[in-house]
**Student:** 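Got a structure for you, written out below as structure tokens; questions coming shortly.
Chain letters run A, B, ... following the sequence lines, proteins first and then strands; every chain starts at 1.
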Number of protein chains: 2
Amino acid sequence: MATRRFPTREELRVWRDFIETGELVRSAMAARLQKDGLSPGDYTVLLALSEAPGERLRSSELATAVGWERSRLSHHLGRMEKRGLIRREECLTDNRGAEAVLAPAGRAIFQQVNRPHLRDIREIFVDALTPAQLEAAGEIMAALREHLTRE
Amino acid sequence: MATRRFPTREELRVWRDFIETGELVRSAMAARLQKDGLSPGDYTVLLALSEAPGERLRSSELATAVGWERSRLSHHLGRMEKRGLIRREECLTDNRGAEAVLAPAGRAIFQQVNRPHLRDIREIFVDALTPAQLEAAGEIMAALREHLTRE
DNA sequence: CCAAGCTGATTGACGTGTCAATTATGCCCG
DNA sequence: CGGGCATAATTGACACGTCAATCAGCTTGG
């Protein structure tokens, strides 16, 4: 079969569903986190720092750990620092470097939020799908990623 | 089997893959549209207006057509108007109302961008998946949506 | 050694999205 | 008819993300 130039109506429908449902799911999760005053980004950063040795990471390591651009992380850490969730310290081994350190308030809110958040993942995502669908979802995401990075 | 309290490691992996892959795919598409100077939001609005009778819609109809909150639409239309992509006119039948009208520049850019965009959907999304995966994706999105609105 | 270039991180400008407040008009009931 | 409530839309404040520019410190080849 020759490569079709344009998607069919049905393919287009699935594409739009993919985009819109993704937005719906993310915003549903964001709303739940927001009740405890955290954004999804906040949670991501707090999780990474919580798991890091000494609850601290170089900015660049943190950036690759969460898959963000440096600049995005820098802005986000600035906001989190202002709220007292993290501290910034200079790096001893490289004077250019900066380290982000989990602050007490950050540790406290993370511990308070983590288990409810895991339950929310189950309620919003896992419980919505059959085991077969969940497996298929994993494969679909892998295929999309693979295809994207292959270009 | 009793309802598990927390997701398993594998379920968590799929959840994170779902979120991250969604972001990857959306940003890949955004990058392609950006080459023609359009954001995904711009495209959505231009598409809706192009298909509307008279290439015009009441703000509230446009909002429900694209599934946005009023306020978001208002901000976005403001930016698009500043760039000359749309015009705003008063509504004759309801003095509170406003209509968004496709401007010549908006029509031109949309016609220029639409076919390449459809090709991009095929390249980024459709071509990455087998027909079975595409069908499964549709069902998974439907299940997630259904589950969300059911709460 | 030291200038040139690379790397780590921050900053500013700007587009985008949400929430709450505001403005203006329509509509209904007493 | 007119006070009160609903509705249409906008606005302002702020969080978030990207891009390009910047700055400081490391590193290396001539």
**Student:** Do B/L49 and B/V101 come close enough that some side-chain heavy atom pair is under 4.5 Å?
**Tutor:** no

**Student:** Please report, rounded to the nearest Å, how far the C1' atom of D/dC16 is from the CD atom of B/E23.
**Tutor:** 12 Å

**Student:** Partners of B/R70 by salt bridge (charged side-chain N to carboxylate O under 4.0 Å, His left out), sequence neighbours excluded?
**Tutor:** none

**Student:** Over the length of the helix from C/dC1-D/dG30 to C/dG30-D/dC1, how much do the five-pair end axes diverge, rounded to 10 degrees?
**Tutor:** 10°

**Student:** Checking B/F110 now: which residues fulfil ring-ring contact (aromatic ring centres under 6.0 Å, His included) with it, not counting sequence neighbours?
**Tutor:** B/Y43

**Student:** Would you please name every residue forming a salt bridge (charged side-chain N to carboxylate O under 4.0 Å, His left out) with A/D120, sequence neighbours left out?
**Tutor:** A/R32

**Student:** Can you give each donor-acceptor pair under 3.5 Å made by side-chain atoms of residues 129-137 of chain A, sequence neighbours left out, with the distance rounded to 0.1 Å?
**Tutor:**
{"unit_1": "A/T130", "atom_1": "OG1", "unit_2": "A/Q133", "atom_2": "N", "d": "3.0"}
{"unit_1": "A/Q133", "atom_1": "OE1", "unit_2": "A/T130", "atom_2": "N", "d": "3.0"}

**Student:** Considering non-hydrogen atoms only, spot the tightest contact between A/G106 and A/I109 and give its length.
**Tutor:** O-CG2, 3.2 Å

**Student:** Enumerate the residues from residues 57-91 of chain B whose closest heavy atom to DNA chain D is under 4.0 Å, giving them by residue number; use none for an empty result.
**Tutor:** B/R58, B/S59, B/S60, B/R70, B/S71, B/S74, B/H75, B/R88

**Student:** Sequence neighbours left out, what passes salt bridge (charged side-chain N to carboxylate O under 4.0 Å, His left out) with B/D36? Give chain and number order.
**Tutor:** none

**Student:** Contact between A/L47 and A/V66 at the side-chain level, heavy atoms closer than 4.5 Å - yes or no?
**Tutor:** no

**Student:** Got a sec, which pairs hit salt bridge (Lys or Arg N to Asp or Glu O under 4.0 Å) with one end in residues 59-68 of chain B, sequence neighbours left out?
**Tutor:** none

**Student:** What residue pairs, at least two apart or across chains, pass side-chain hydrogen bond (donor to acceptor under 3.5 Å, both in side chains) with a residue in residues 74-87 of chain A?
**Tutor:** A/D42-A/H76, A/D42-A/R83, A/H76-A/R79, A/E81-A/R88, A/R87-A/E89

**Student:** Give the table of side-chain donor-acceptor pairs shorter than 3.5 Å for residues 7-20 of chain A, with sequence neighbours excluded, one pair per line with atom names and distance.
**Tutor:**
{"unit_1": "A/T8", "atom_1": "OG1", "unit_2": "A/E10", "atom_2": "N", "d": "3.4"}
{"unit_1": "A/T8", "atom_1": "OG1", "unit_2": "A/E11", "atom_2": "N", "d": "3.1"}
{"unit_1": "A/E10", "atom_1": "OE1", "unit_2": "A/R13", "atom_2": "NE", "d": "3.2"}
{"unit_1": "A/E10", "atom_1": "OE2", "unit_2": "A/R13", "atom_2": "NH2", "d": "2.8"}
{"unit_1": "A/E11", "atom_1": "OE1", "unit_2": "A/R4", "atom_2": "NH2", "d": "3.3"}
{"unit_1": "A/E11", "atom_1": "OE1", "unit_2": "A/T8", "atom_2": "N", "d": "2.8"}
{"unit_1": "A/E11", "atom_1": "OE2", "unit_2": "A/R4", "atom_2": "NH2", "d": "2.6"}
{"unit_1": "A/E20", "atom_1": "OE1", "unit_2": "B/R145", "atom_2": "NH2", "d": "3.2"}

**Student:** Restricting both atoms to N or O, compile the protein contacts to nucleotides 24-26 of chain D shorter than 3.5 Å, with distance only.
**Tutor:**
{"unit_1": "D/dG25", "atom_1": "N2", "unit_2": "A/R96", "atom_2": "NH1", "d": "3.1"}
{"unit_1": "D/dC26", "atom_1": "OP1", "unit_2": "A/N95", "atom_2": "N", "d": "3.2"}
{"unit_1": "D/dC26", "atom_1": "OP1", "unit_2": "A/N95", "atom_2": "ND2", "d": "3.3"}

**Student:** I'd like the 5' and 3' limits of the part of DNA chain C contacted by chain B, with heavy-atom contacts below 4.0 Å.
**Tutor:** C/dG15 to C/dG26

**Student:** Counting distance only, does the side-chain N/O of B/R122 pair as donor-acceptor with the main-chain N or O of A/R5 below 3.5 Å?
**Tutor:** yes

